[in-house]
Protein chains: 2
Amino acid sequence: MDKQTVTIYDVAREAAVSMATVSRVVNGNPNVKPATRQKVLDVIDQLDYRPNAVARGLASKKTTTIGVIIPDLTNSYFSELARGIDDVALMYKYNIILASSDENHDKELQVVDNLTAKQVDGIIFMGNQVSKDLRDAFNRANAPIVFAGSVDPEHQSPSVNIDYVAAVTDAVAKLVSRGNRRIAFVTGSMDESINKDYRLKGYKQALSSKRIGYDEGLVFQTDYSYKAGYALAKALQDVKATAAFVGDDELAAGVLNGLTDAGVNVPEDFEIITSNDTRFTEISRPTMSSITQPLYDIGAVSMRLLTKLMNNEEIGDKTVVLPYGLKKRQSTK
Amino acid sequence: MDKQTVTIYDVAREAAVSMATVSRVVNGNPNVKPATRQKVLDVIDQLDYRPNAVARGLASKKTTTIGVIIPDLTNSYFSELARGIDDVALMYKYNIILASSDENHDKELQVVDNLTAKQVDGIIFMGNQVSKDLRDAFNRANAPIVFAGSVDPEHQSPSVNIDYVAAVTDAVAKLVSRGNRRIAFVTGSMDESINKDYRLKGYKQALSSKRIGYDEGLVFQTDYSYKAGYALAKALQDVKATAAFVGDDELAAGVLNGLTDAGVNVPEDFEIITSNDTRFTEISRPTMSSITQPLYDIGAVSMRLLTKLMNNEEIGDKTVVLPYGLKKRQSTK
DNA sequence: ATATTAAAAGTAAGCGGTTTCATGATTGCT
DNA sequence: AGCAATCATGAAACCGCTTACTTTTAATAT
């Protein structure tokens, strides 16, 4: 059944050297005479030897595998991050064990323990609630963690982000400056720190700096889906909002289309700014103005940071903040 | 540095049994006296022992890890499949090593060898060209492969799909029945078997059954991106096409918006049917008519099939064909 | 030539489990 | 009570590689 696999031992025998020597050439250890190295290399080639990564992992305690915890694969925001992660992981020869969390606490816990059992060398976490349990699980993992495009409210773990507060402040201020007084704040669950502690803060900040009162009735929490956004159209009209900041592009597309289908003209009667500048912002009609963030880079930088951590390199600031912007498209005047 | 990890040996000592016994209880082997089992379980609990999956993998030659080769994480078609895969993988306790191929041959090759080195128990492949080299790499992997939402033109590997030929035939026939005579065929590279051998066949079939000549000038190959589609608008008008079948939703959205922005009314002046029924079809305006496929299920079934294969279970037909449909939305009359 | 040092190669002990096989403890029967 | 059959456990080999340590070989110095 099993195809005969050739092991380091076979190579050693065939090349008439010890396993140690073979291991050395495989690992690029310089303490090998060129002639010997060549001989071994030839045998490796001839036998088509391929080192068993599992054995290697056990012996060296390094698996060259990292875990990536992602709330939702099908959400562009996360998949763009993942792409950045993936690319630099490849660059540094790490493999990725992808683990979906569905933003579900128990699942996250289980997933982390799982990754720990698999002895990953590091973990990239996307998600926005970190319970004590989860923190414990992280610690058990005995591997560095970095938060990618996700915020660690307690600033215990390294993370790479944009300045969410400032970004939202800017976005909402823009809406205000266009004369909007009743600006809805539409995001996912307020249990998520990014919403509760960052975005909402930016929202309030923008309002108060313009002397606009905060009205809780304008705050909508729902899930990050097109459908959820679409369904929100009526409520938005009911509260007489004339604009909205939305925390997710797909959600924003839903809001946009829901409103449009309800006969509301965007941007004339209602302005929308969304958050992630994913492809949805271009595809929808009207196209959507958005906060822009370097999604790919957030992923890439996270992974790069992780490699440093795994390498025990000194790193400066544990939290890196990437620049954001505001892109005007058709959903704002 | 390293946190003290507790091993099976520690548990054995503490519980005053042998490692073998601990191993047995961990693995649910029935040959353990209930009292002993309980004692061991208690110690495991007390010591917070967690088996090292790498060691396990080496000893048992099973890693409970599978490889998933995906051309593009950010493409909804694939990420929807991946979600299905992920869910049932979780169900069966498998972890996923995600490997992006970018639909690039060399990368695919490297990736497969990589997964092989990591001793994955199985592989799910998405992609549409299988060179001899790649086939060889698959064989070396010594692990079952299944093609998910991708076609193996030589029918050597198990796969789960829809009937692409029939689906495209239906779609194009629908366009014809609306009176369109010049129907463009817009997809990705013709190097991909799914395009060259399946979709195109369906296209031709639909035309010839309606006695419409095949015009190569109506066939467009490009990459699966919004931009590419958008850029195609002019060419589409130049060849005087009045409708198009498009092989990817994002691409279709590009075509749609490109046309719209060029002043062409969809569907009045130009009808579009796309292929994957992803969320883009709902978000665009007008919404897009599409072939419907059970994306999640294709992924899920693929994974389920893989588990059977890994388990050496007898399976009936190596290629499972799931039902497709046609969903009329606003991009067709 | 010989002593000293550095470079190259080998030995073998793990890494943390699984699993085969042997052995001792139980149980069932007559 | 005596013996076979069954169950529960332990001993130890092994999975395929890395690595600390030792030995051998080569190079340089004296």
Side-chain angles (χ1 to χ4, degrees), chain A residues 1-41 43-44 47-65 116-121 140 142, chain B residues 1-41 43-44 47-65 116-121 142-143:
Chain A
M1 176 90 233
D2 260 14
K3 262 151 237 147
Q4 190 62 42
T5 74
V6 6
T7 74
I8 199 173
Y9 178 77
D10 298 318
V11 177
R13 181 170 29 71
E14 208 66 20
V17 298
S18 71
M19 294 167 52
T21 300
V22 177
S23 176
R24 287 192 189 95
V25 351
V26 168
N27 292 300
N29 183 316
N31 282 39
V32 180
K33 206 197 308 179
T36 314
R37 177 186 309 282
Q38 194 51 55
K39 185 172 58 178
V40 172
L41 250 19
V43 174
I44 285 179
L47 263 44
D48 195 27
Y49 164 70
R50 296 155 193 264
N52 178 324
V54 176
R56 243 216 264 234
L58 181 57
S60 69
K61 295 175 161 301
K62 287 193 187 321
T63 54
T64 61
T65 301
T116 304
K118 291 259 155 109
Q119 309 282 106
V120 294
D121 295 338
R140 271 198 303 270
N142 194 219
Chain B
M1 175 93 235
D2 259 14
K3 263 150 240 150
Q4 189 63 42
T5 73
V6 7
T7 73
I8 198 172
Y9 177 77
D10 299 318
V11 176
R13 180 169 32 69
E14 208 66 20
V17 298
S18 72
M19 295 166 53
T21 298
V22 177
S23 177
R24 287 192 189 97
V25 351
V26 168
N27 292 299
N29 183 316
N31 280 37
V32 180
K33 206 198 303 179
T36 314
R37 176 185 309 282
Q38 194 51 54
K39 184 172 56 178
V40 172
L41 250 19
V43 173
I44 286 179
L47 263 45
D48 196 27
Y49 164 70
R50 295 155 195 264
N52 179 324
V54 176
R56 231 177 182 170
L58 180 58
S60 69
K61 295 174 161 303
K62 289 196 185 318
T63 54
T64 59
T65 300
T116 305
K118 292 259 155 109
Q119 308 282 108
V120 293
D121 295 338
N142 193 218

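Scope of the values below: all heavy atoms of this structure, side chains included, with no hydrogens, waters or symmetry mates. So that the names make sense, note that chain A is the first sequence line, chain B the second, and so on, each numbered from 1.
- Regarding contacts with the backbone of C:dG10, a side-chain N or O of A:S18 is found under 4.0 angstrom from either OP1 or OP2.
- If B:R56 and B:K33 are placed on DNA chain C by their nearest nucleotide, the residue sitting closer to the 5' end is B:R56.
- Remark: C1' of C:dG16 and NZ of A:K61 are 8 Å apart, rounded to the nearest angstrom.
- Of the candidates B:V22, B:V25, B:V26, B:V22 is the only one forming a side-chain contact (heavy atoms from CB on, under 4.5 Å) with B:V11.
- In this structure, B:V22 reaches neither bases nor backbone, as no heavy-atom distance under 4.0 Å exists between it and the strands shown.
- Close to C:dT18, at under 4.0 Å from its OP1 or OP2, lies a side-chain N or O of B:N27.
- Contacts of A:S23 with the nucleic acid, taken as non-hydrogen atoms under 4.0 Å apart, include base atoms.
- Nucleotide C:dT19 holds its C1' atom 11 Å from the CE atom of B:M19, rounded to whole Å.
- Nucleotides of DNA chain C nearest to B:R24 and B:V54 differ in position, and the one nearer the 5' end is that of B:V54.
- Separating the CD1 atom of A:I8 from the C1' atom of C:dT11 is a distance of 14 Å, rounded to the nearest angstrom.
- The distance between atom CG of B:N31 and atom P of C:dT18, rounded to the nearest whole Å, is 15 Å.
- Protein chain B touches strand DNA chain D; the 5'-most and 3'-most nucleotides with an atom under 4.0 angstrom of its non-hydrogen atoms are D:dA8 to D:dG16.
- Using a 4.5 Å heavy-atom threshold, the side chains of B:D48 and A:R140 count as touching.
- The phosphate of C:dG14 (OP1 or OP2) has no side-chain N or O of B:Y9 nearer than 4.0 angstrom.
- Residues B:S60 and B:A20 each lie close to DNA chain D; by heavy-atom proximity, the contact nearer the 5' end of the strand is made by B:A20.
- Side-chain contact between B:N27 and B:R56 is present, with at least one heavy-atom pair separated by less than 4.5 Å.
- Closest approach of B:A117 to A:P51, counting heavy atoms only: CB-O, 3.8 Å.
- Residue A:N52 is classed as a sugar-phosphate contact, given heavy-atom separations below 4.0 Å to backbone atoms only.
- Contact annotation: B:K62 side-chain N/O to C:dT18 OP1/OP2 distance is not under 4.0 Å.
- Looking only at side-chain heavy atoms (C-beta outward), A:R50 and B:T116 stay at 4.5 Å or farther from each other.
- Inspection of the B:T65 and A:K118 side chains reveals an N or O donor paired with an N or O acceptor under 3.5 Å.
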